[in-house]
Asker: 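The following block contains the structure, expressed as structure tokens.
Nothing here was measured: the structure is a model prediction, and the numbers come from that model.
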Amino acid sequence: MNRFKFWKWGRLRRLGRWTYIALFTLVWTFANMGLGIYRERTIMEWTWSEIATFQSQMFFFILFSGMMIGWLTWDIGDDNELKLGIDNHVLDTDRLILRKMNQTDFKALHSIYSDAQTMQYWPAPFTKDASRTWILKSMASYSHNGFGRYVVVRKKDGKIIGDVGLMLVSVNGLREVDLGYIIKAEYQNKGYGFEAARACLEYGIKELGIERIVSQMSVDNHASEKIAQKLGMQKQTTFLNKKNRNLPTLVYTKDQRMIR
């Protein structure tokens with residue numbers, strides 16, 4: 001089972017790290033008590049009740065061991081994850097590597113998604129659950145649609161500075177392939193957003209054969225609008241975005257069908 005889904009299911013993680021450590025210790029203690037009770041006799045001398053009790057202890061020990069492993073490795077991640085993602089490589093630009101997301105990216109990506117300055121044009125910074133859902137959707141989109149959001153890694157130091165990519169979403173009531181990106185605030189105004197977005201736009205058109213790609217941004221997000229214009233996208237419409245505080249939202253398009 002996908003570990004993201006396992007931990008999201010039932011919100012098991014909300015019990016807390018120390019609760020799991022306590023439960024793990026308790027089960028381990030009972031398991032050893034079971035061993036202490038039965039070790040002076042061969043298994044052939046155990047009663048059915050004793051066998052059932054011992055097997056139950058072992059079952060819960062294994063279950064909680066798995067939970068502990070999942071908990072302790074959940075947030076494993078590092079800013080320097082260039083090598084970890086090399087097998088998921090998708091695109092290169094002059095300064096960036098774009099690759100598929102995986103579970104080891106959670107810590108680095110959540111630090112970006114939860115930053116208020118970085119997410120100032122979004123409804124709100126992401127919670128941990130929102131970050132996991134975002135990553136899960138991209139991972140599912142790779143297999144279902146052949147594209148998704150990709151981790152943006154800076155070549156010179158291997159730092160994860162954001163994400164970029166294409167997602168099939170509803171835009172003003174229509175199903176569209178949406179080009180979007182999130183670049184951490186400290187790396188903005190350095191051309192990374194445009195460089196990553198241009199690579200994804202060209203990849204979508206030339207490699208994936210997508211005829212129409214849109215990009216949406218709130219009317220006050222002038223930096224993103226300039227990038228859309230620089231990418232050669234055309235302003236199509238403005239609508240009130242119920243998903244983003246009912247703000248007026250611009251839609252820019254790149255439609256290959258209009259060129260023919």
Asker: Quick check: do Ile227 and Tyr181 have side-chain heavy atoms less than 4.5 Å from each other?
Answerer: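 Heavy-atom side-chain distance check passes, below 4.5 Å.
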
Asker: Tell me whether Thr133 contacts the main-chain N or O of Asp129 through its side chain, where contact means a donor paired with an acceptor under 3.5 Å.
Answerer: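 Judged by distance alone, yes, a pair lies under 3.5 Å.
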
Asker: So does Asn189 have more than 12 non-hydrogen atoms from other groups sitting under 6.0 Å from CG?
Answerer: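 Counting neighbours around CG of Asn189, 12 or fewer heavy atoms of other residues, nucleotides or ligands fall under 6.0 Å, so no.
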
Asker: Cluster question for you: counting only ILVMFWY and a side-chain heavy-atom cut-off of under 4.5 Å, with indirect links fine, are Phe126 and Tyr121 together?
Answerer: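 The answer is no; the residues belong to distinct hydrophobic clusters.
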
Asker: Provide the closest heavy-atom pair for Arg175 versus Ser170 in the form atom of the first, atom of the second, distance.
Answerer: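 Residues Arg175 and Ser170, closest heavy atoms: NH1-N, 3.8 Å.
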
Asker: Is there a path of hydrophobic side-chain contacts, each under 4.5 Å between heavy atoms of I, L, V, M, F, W or Y residues, that connects Leu168 with Val171?
Answerer: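 Shared cluster, no.
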
Asker: Might you work through the side chain to side chain contact (heavy atoms under 4.5 Å, CB included) test for Val151 and Asp163, ending with a clear yes or no?
Answerer: CA-CA 4 Å; Val151 178; Asp163 80 13; 5.7 Å; no

Asker: For Glu186 and Lys190, which heavy atoms make the closest approach, and how far apart are they?
Answerer: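 Closest approach of Glu186 to Lys190: O-CE, 3.4 Å.
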
Asker: Please walk me through it: do Trp134 and Leu109 pass side chain to side chain contact (heavy atoms under 4.5 Å, CB included)?
Answerer: CA-CA 10 Å; Trp134 186 259; Leu109 288 177; over 6 Å; no

Asker: Side-chain contact test, heavy atoms from C-beta onward, threshold under 4.5 Å: evaluate it for Leu179 versus Tyr252 and give yes or no.
Answerer: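 Leu179 vs Tyr252: side chains apart.
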
Asker: Do the ring planes of Tyr142 and Tyr150 sit parallel (below 30°), tilted (30 to 60°) or perpendicular (above 60°)?
Answerer: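 Tyr142 and Tyr150: parallel rings.
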
Asker: Are any of the side-chain heavy atoms of Lys254 and Leu231 separated by less than 4.5 Å?
Answerer: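 The answer is no; the side chains never approach within 4.5 Å.
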
Asker: Would Val169 and Leu247 show up in the same hydrophobic cluster when neighbours are defined by side-chain heavy atoms closer than 4.5 Å?
Answerer: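 Different hydrophobic clusters.
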
Asker: For residues Ala199 and Leu98, report the shortest heavy-atom separation together with the two atoms involved.
Answerer: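 The pair with the smallest heavy-atom distance is CB-CD1, 4.2 Å.
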
Asker: Between Met167 and Gly148, what is the shortest heavy-atom contact and its length?
Answerer: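 Looking at all heavy atoms of both residues, the closest pair is SD-CA, 3.7 Å.
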
Asker: Which value, rounded to the nearest 0.5 Å, describes the distance between Thr238 atom OG1 and Leu250 atom CG?
Answerer: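 Answer for the OG1-CG pair, Thr238 versus Leu250, is 4.5 Å.
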
Asker: Ignoring hydrogens and geometry, is there a side-chain-to-backbone donor-acceptor pair from Glu195 to Arg95 under 3.5 Å?
Answerer: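 Yes.
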
Asker: Cys200 and Gly165: which non-hydrogen atoms are nearest, and at how many Å?
Answerer: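 Looking at all heavy atoms of both residues, the shortest contact is SG-CA, 3.8 Å.
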
Asker: Would you say the side-chain atoms of Glu225 pair up with the backbone N or O of Val219, donor to acceptor, closer than 3.5 Å?
Answerer: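 The answer is no, because no donor-acceptor pair under 3.5 Å joins these two groups.
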
Asker: Say whether, by atom type as modelled, one donor and one acceptor occur between the side chain of Ser111 and the main chain of Ala108 under 3.5 angstrom.
Answerer: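 A pair under 3.5 Å: yes.
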
Asker: Starting from Val251, can I reach Leu166 by hopping between I/L/V/M/F/W/Y residues whose side chains sit under 4.5 Å apart?
Answerer: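 Looking at the clustering, Val251 is in a separate group from Leu166.
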
Asker: Is there any salt bridge (Lys or Arg N to Asp or Glu O under 4.0 Å) pair reaching into residues 212-223, and which pairs are they, with sequence neighbours excluded?
Answerer: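 Output for this query lists Glu176-Arg212, Arg212-Asp255.
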
Asker: For atom CD of Gln234, decide whether the heavy atoms of other residues, nucleotides or ligands shown that lie under 6.0 angstrom number more than 12.
Answerer: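 At most 12 heavy atoms, drawn from other residues, nucleotides or ligands, come within 6.0 Å of this atom.
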
Asker: In terms of hydrophobic clustering (I, L, V, M, F, W, Y; side-chain heavy atoms under 4.5 Å; direct or indirect links), are Ile205 and Val164 co-clustered?
Answerer: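 Yes; Val164 is reachable from Ile205 via cluster members.
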
Asker: What is the minimum heavy-atom distance between Asn244 and Pro123, and which atoms define it?
Answerer: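 So the minimum-distance heavy-atom pair works out to OD1-N, 3.4 Å.
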
Asker: Hey, could you give me the CD1/CD1 distance between Ile182 and Ile161, rounded to the nearest 0.5 Å?
Answerer: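 If I round to the nearest 0.5 Å, the distance is 12.5 Å.
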
Asker: Once rounded to the nearest 0.5 Å, what's the spacing between atom OG of Ser114 and atom NZ of Lys128?
Answerer: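 Result: 9.0 Å between the selected atoms.
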
Asker: At what distance, to the nearest 0.5 angstrom, does CD1 of Ile213 lie from CZ of Phe147?
Answerer: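 So the gap between those two atoms works out to 8.5 Å.
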
Asker: How long is the straight-line distance from CZ of Arg245 back to CG of Leu240, given to the nearest 0.5 Å?
Answerer: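 Going from CG on Leu240 over to CZ on Arg245, the span is 13.0 Å.
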
Asker: Looking at Lys100, Arg99, His110, which hits side chain to side chain donor-acceptor pair (under 3.5 Å) with Asp105?
Answerer: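 One option only clears the test, and that one is Arg99.
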
Asker: Could you state the interatomic distance from CE (Met233) to CG (Leu201), rounded to the nearest 0.5 Å?
Answerer: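 Going from CE on Met233 over to CG on Leu201, the span is 6.0 Å.
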
Asker: Run Asp92 and Lys155 through side chain to side chain contact (heavy atoms under 4.5 Å, CB included) and show every step you take.
Answerer: CA-CA 9 Å; Asp92 277 284; Lys155 282 183 177 179; 3.2 Å; yes

Asker: Decide side chain to side chain contact (heavy atoms under 4.5 Å, CB included) for Tyr192 and Arg154; before the verdict, give the C-alpha distance in whole Å, the side-chain angles of both, and the deciding distance to 0.1 Å.
Answerer: CA-CA 9 Å; Tyr192 292 127; Arg154 197 162 63 164; 3.1 Å; yes

